[in-house]
Amino acid sequence: NPIFPATDGNLYKSSQVYLDKPEIKELLDDFVPYLSIEIKNDQLISDLKINTEANIEIVLEYLKHLVKTQNKEIETFKKLYIFLYNKINNNQDKIKNYFLSNPIIYVPNTEKSYFKKEEVLWKDVQSIFGNHKAYLEKHYPELKDFFVNQLGVNEKPKPKDYADVLVAMSNQPLNEKEEEILWKIYKELNQYLNP
């Protein structure tokens with residue numbers, strides 16, 4: 001039953017509230033309700049299943065919420081990505097699939113802002129792809145291992161990346177700049193496939 005008072009003035013079930021700890025607030029801000037009473041007995045906290053730390057599920061939900069509310073604070077996203085990176089060992093499939101099916105990678109100074117894993121590359125190859133892809137290296141240099149090795153973001157474009165951009169371009173009228181990109185892609189693809 002929702003009998004636990006939170007700092008937002010509402011009552012929640014024990015499994016919905018979090019202990020009001022600075023490290024949780026630092027990570028999740030006001031996204032979750034915090035217990036407004038102090039319980040000092042660790043055994044009781046455990047028995048009641050009150051949340052004592054952030055978990056992967058709530059962090060992934062929070063990322064989705066940030067996208068929905070159009071949050072553009074890169075430091076907030078970095079903190080959450082770092083948390084997931086530190087927890088990825090036993091949860092790689094769950095985290096990877098979430099990034100595959102949800103546009104929760106924030107890339108500043110782009111038209112779209114939020115991307116799925118397949119829509120980003122690590123290296124900045126804007127000179128070839130223009131704005132058809134988003135690039136992570138300059139925004140998250142400390143998270144290369146997380147994005148490239150753990151999530152499987154391509155470091156450099158692969159033939160599928162070239163093909164994806166060509167398909168996207170085929171569905172729109174081409175201006176002179178887009179035509180330039182088109183020829184660059186064919187040139188790069190030709191070198192990639194040679195011999």
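By convention here, the first residue in the shown sequence is residue 1.
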Close side-chain approach of Phe4 to Leu48, heavy-atom, < 4.5 Å: yes
Find out whether Leu44 and Asp42 are in side-chain contact, i.e. whether some heavy atom of one side chain is under 4.5 Å from a heavy atom of the other. no
Minimum side-chain heavy-atom gap Ile181-Ile128 below 4.5 Å: no
Applied to residues 45-56, the side-chain hydrogen bond (donor to acceptor under 3.5 Å, both in side chains) test, sequence neighbours excluded, yields Gln43-Asp47
Is it possible for you to say whether Leu66 and Ile95 belong to one hydrophobic cluster, with membership spreading through side-chain heavy-atom contacts below 4.5 Å? yes
Please walk me through it: do Ile58 and Tyr18 pass side chain to side chain contact (heavy atoms under 4.5 Å, CB included)? CA-CA 11 Å; Ile58 201 70; Tyr18 287 72; 3.5 Å; yes
Are Ile50 and Ile24 linked, directly or through other ILVMFWY residues, by side chains that come within less than 4.5 angstrom of each other? no
Roughly how far, to the nearest 0.5 Å, is the CG atom of Asn102 from the NZ atom of Lys117? 13.5 Å
Would you say the side chain of Ile74 lies within less than 4.5 Å of the side chain of His139, judging by non-hydrogen atoms? yes
Between the CG atom in Leu60 and the OH atom in Tyr98, the distance rounded to the nearest 0.5 Å is 5.5 Å
Between the main-chain N or O of Asp93 and the side-chain N or O of Asn97, is there a donor-acceptor pair closer than 3.5 Å? yes
Correct closest heavy-atom pair for Ile56 and Phe83 would be N-CE2, 4.1 Å
Please evaluate residues Val125 and Tyr135 with respect to the criterion side chain to side chain contact (heavy atoms under 4.5 Å, CB included), reporting the C-alpha separation (whole Å), side-chain torsions for both, the decisive distance (0.1 Å), and the verdict. CA-CA 8 Å; Val125 286; Tyr135 314 101; 3.6 Å; yes
Evaluate the criterion side chain to side chain contact (heavy atoms under 4.5 Å, CB included) for residue pair Phe99 and Leu63; output intermediate values, then yes/no. CA-CA 10 Å; Phe99 276 82; Leu63 278 168; 4.3 Å; yes
How about NZ on Lys112, more than 12 heavy atoms from neighbouring residues, nucleotides or ligands closer than 6.0 Å, or not? yes
Close side-chain approach of Leu100 and Glu118, heavy atoms under 4.5 Å: yes
Can you find a pair of side-chain heavy atoms, one from Glu155 and one from Glu137, that are under 4.5 Å apart? no
All heavy atoms of Leu174 vs all of Glu178, minimum pair found to be CD2-CB, 3.7 Å
Can you classify the ring geometry of His65 versus Tyr62 as parallel (below 30°), tilted (30 to 60°) or perpendicular (above 60°)? parallel
Crowding at CG, Asn175 (>12 non-hydrogen neighbours, <6.0 Å): yes
Show the atom names and distances, to 0.1 Å, of all donor-acceptor pairs under 3.5 Å that link a side chain in residues 84-91 to residues at least two apart or in another chain.
{"residue": "Tyr85", "atom": "OH", "partner": "Asp145", "partner atom": "OD2", "Å": "2.6"}
{"residue": "Asn86", "atom": "ND2", "partner": "Ile82", "partner atom": "O", "Å": "3.3"}
{"residue": "Asn91", "atom": "ND2", "partner": "Lys87", "partner atom": "O", "Å": "2.9"}

For the residue pair Pro103 and Val67, what are the closest heavy atoms and their distance? O-CG2, 3.4 Å
How would you list, by chain and number, every residue that makes a side chain to side chain contact (heavy atoms under 4.5 Å, CB included) with Lys72, sequence neighbours excluded? Gln70, Tyr106, Ser113, Tyr114
Would a distance-only check, ignoring hydrogens and angles, find a side-chain to backbone donor-acceptor pair under 3.5 Å from Glu119 to Lys116? yes
Side-chain heavy-atom pair Ile3, Tyr12 within 4.5 angstrom cut-off: no
Salt bridge (charged side-chain N to carboxylate O under 4.0 Å, His left out) partners of Lys64, counting only residues at least two apart: none
Ionic contact status for Glu75 with Lys78, cut-off 4.0 Å: yes
More than 12 heavy atoms of other residues, nucleotides or ligands under 6.0 Å from CG of Asn41: is that the case? yes
Nearest 0.5 Å, please: how far is CG in Leu80 from CZ in Phe77? 7.5 Å
Flag side-chain contact, heavy atom, 4.5 Å: Lys21 against Leu19: yes
When you look at Lys123 and Leu121, which way does the side chain to side chain contact (heavy atoms under 4.5 Å, CB included) test go after all the steps? CA-CA 6 Å; Lys123 293 273 182 205; Leu121 292 168; 5.9 Å; no
Take atom CD in Glu73; do more than 12 heavy atoms of anything else shown fall under 6.0 Å from it? no
Please tabulate, for side-chain N and O atoms in residues 158-169, each donor-acceptor pair with protein atoms closer than 3.5 Å (sequence neighbours left out).
{"residue": "Lys160", "atom": "NZ", "partner": "Asp164", "partner atom": "OD1", "Å": "3.3"}
{"residue": "Lys160", "atom": "NZ", "partner": "Asp164", "partner atom": "OD2", "Å": "3.0"}
{"residue": "Asp161", "atom": "OD1", "partner": "Lys133", "partner atom": "NZ", "Å": "3.1"}
{"residue": "Asp161", "atom": "OD2", "partner": "Asn154", "partner atom": "ND2", "Å": "2.9"}
{"residue": "Asp161", "atom": "OD2", "partner": "Lys158", "partner atom": "N", "Å": "2.8"}

Listed pairs under 3.5 Å, donor-acceptor, residues 26-39 side chains, sequence neighbours left out:
{"residue": "Glu26", "atom": "OE2", "partner": "Lys79", "partner atom": "NZ", "Å": "3.3"}
{"residue": "Tyr34", "atom": "OH", "partner": "Asp29", "partner atom": "O", "Å": "2.6"}
{"residue": "Ser36", "atom": "OG", "partner": "Pro5", "partner atom": "O", "Å": "3.1"}

Just verifying a value: how many Å separate Tyr140 OH and Trp122 CH2, rounded to the nearest 0.5 Å? 10.0 Å
